[in-house]
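To keep things clear, I will list the structure first and then write my remarks on it.
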Amino acid sequence: MIEPLSRRSLLKTLGATTALHALPAVAQPAGSEDRATIPLHGELGETPAQQRARWIALAQSLRRDPIERPEPPIALVRPVADASQYLRWRMEQEAPATALGDRLLHRGDHFLLDFGGHRAGYFAFHLIGEGKSVDSPVRLKLTFGEVPGDVAEPLYPYKGQLSSAWLPEEIITVDFLPQRVRLPRRYAFRYVKVEVLDTSPNFGVRFRDVQAIAVSATHGEPAPLPAGTQEWIRQVDAIGARTLRDCMQTSFEDGPRRDQRLWLGDLRLQARASYVTYPNYYLVRRCLFLFAGLAREDGMVSACVFEKPYPMGSEPFLNDYSALFISALLELTRASKDLDTARELFPLAKRQMEILLGRLDQDGVYRVPQGEYIFIDWNRQLDYTAAAMGVLAYTLEHLLELADLIGRAVDVQPYKAKLAQIRATAHAHFYDKDRKFCFSGEKKEVSWATQAWMVLGGCVSREEAQACLRNGALTNATSVKPSTPYLYHYVAEALVVCGLRREALELIQQYWGGMAAAGADTFWELYDPADSTYSPYGDVHINSFCHAWSCTPTWFFRDQKLL
Ligand code: RAM
């Protein structure tokens, strides 16, 4: 039985950040990525520590400042509780946003602006005092909403386990009016609620030139989908692309609201989606070199790293995420034809596999060691033994392909037999010939996760794969369903891989189309069609509503031509 990653243990380990390297950030103008001054290859005799430092320096040389786009608000709105809406509220327009300049606001007044769509960005306004005498500072409370509930519902009492400092609110004090105010922190928002906590009785305040300054590493729209594409696909594609855009900053963030951090599992999915929407190879290279430079002494790459204030390695070590480093490197190489990066990082990619293969037990089944975890999905009740075997086979196959691409097939020659062995073991242990689906663990648990990863790992034949996904997932009411878009992605990918393309498209329509119909401007970190307040963190207000791992429908439509 694989050790489950409990929320508490993950949160505990997330606190255990170690500063491994401290290097100043080097911003370079966009387009100069090929002129990185740090050598891609090390000197002969370079120690592992020197190599890691060089990789970090290389990552830093690939850092670009995000592009800014000033955007005006659209309307002044009012939230109305509405049980018929998935998001529990609807927004009613009070007036066009230009009407805000007509209002003189005093203590206790408030307004709510709608910017008409999601962005990551800054908030700025011109604040003017008017009255007998502007004789005190102004205190304002600002709340930033990705969805209506963020600004319509009280954020307290907060019931979550993650820090409440993530909650998107701010109290600021502005001295000396008039002045232009630009909040120093970046937020993720469509809505902004502004409450005037206090002025003096002698004056009121007026807001003019309110702006969102959207930021992203990319801008513009991806190429249009082919003529005749169904409308729902266009809509879901656009939402997926916006999700990706808002997560593309100085790294591929998992979510611009939370965790604003580089997670390897998310990176792998968003990098793939970026190649067919907003290709930005230097950003992917930067992220891979960050992971590489911050790897553990034994070479294992961690599941997430921090880039600010300077690159820092962090726990946890999620074994599936480490393995996906291989896939991310392979896909960058395929997309960019950048063999240099592949050659440089290939030994580290291979190292992930060496470490992971060392964990097969005497029966050849993968076991996660004490102190490490496997993610797969947020449902921590699941048994992940079979899924882990699938991940191992899936990424081992990618390693073989990567080696081929860079002419290093000979280095991984023994792994061909190993791959066959892993698949055979997984098949023998986890495939139920009578019921025609896979199970996992002593309790013979049936889950979508198990079917998806056994299929993706090539651990069942194509015919068995189709039966697994139908009988062990899509039509099986007792099979444990995914709890994240991350796992739904891999289910859809498994359907495509084994030829069930229509079913994959239906799943995307149901799940991501469901989010779109429920009012998503960008795709969410979590989506339970039956419960809009679902959160693995204990409070829905800490969920992220623009989340990297949810952006992938656009990859299915554009890369896999699933239209
Ligand atoms: C959460 C985030 C992130 C994910 C990790 C495992 O903190 O949603 O995107 O990769 O979990």
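We count ligands from 1, going down the list as the structure has it; atoms in each ligand are counted the same way.
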Inset, instruction - Determine whether any heavy atom of Tyr537 lies closer than 4.0 Å to an atom of ligand 1. - result: yes
Legend entry - Numbered atoms and elements of ligand 1 in range of Asp254, under 4.0 angstrom, heavy atoms: 2 (C), 3 (C), 9 (O)
Inset, instruction - Please identify which atoms of ligand 1 are closer than 4.0 Å to at least one heavy atom of Glu525. - result: 1 (C), 2 (C), 8 (O)
Legend entry - Atoms in ligand 1 with a heavy atom of His547 nearer than 4.0 Å: 2 (C), 3 (C), 8 (O), 9 (O)
Inset, instruction - List in chain and number order the residues that pass side chain to side chain donor-acceptor pair (under 3.5 Å) with Asp320, two or more places apart in sequence or in another chain; answer none if no residue qualifies. - result: none
Inset, instruction - Give me the one residue out of Arg190, Arg257, Lys193 that meets salt bridge (charged side-chain N to carboxylate O under 4.0 Å, His left out) with Asp150. - result: Arg257
Inset, instruction - Measure the acute angle between the ring planes of Tyr511 and Tyr527, then classify it against the limits of 30° and 60° as parallel, tilted or perpendicular. - result: tilted
Legend entry - Polar proximity ligand 1 side, Asp259 side, N/O cut 3.5 Å exclusive: yes
Legend entry - Numbering as shown, the atoms of ligand 1 that approach Trp378 to under 4.0 Å (heavy-atom distance): 1 (C), 11 (O)
Inset, instruction - Considering only NZ, NE, NH1 and NH2 on the basic side and carboxylate oxygens on the acidic side, decide whether Arg63 and Glu307 come within less than 4.0 Å. - result: no
Legend entry - Proximity flag Arg261 to ligand 1, non-hydrogen atoms under 4.0 Å: no
Inset, instruction - Using a strict cut-off of 4.0 Å, indicate which atoms of ligand 1 neighbour a heavy atom of Tyr321. - result: 4 (C), 6 (C), 10 (O)
Legend entry - Donor on one side chain, acceptor on other, Ser483 and Asn379, under 3.5 Å: no
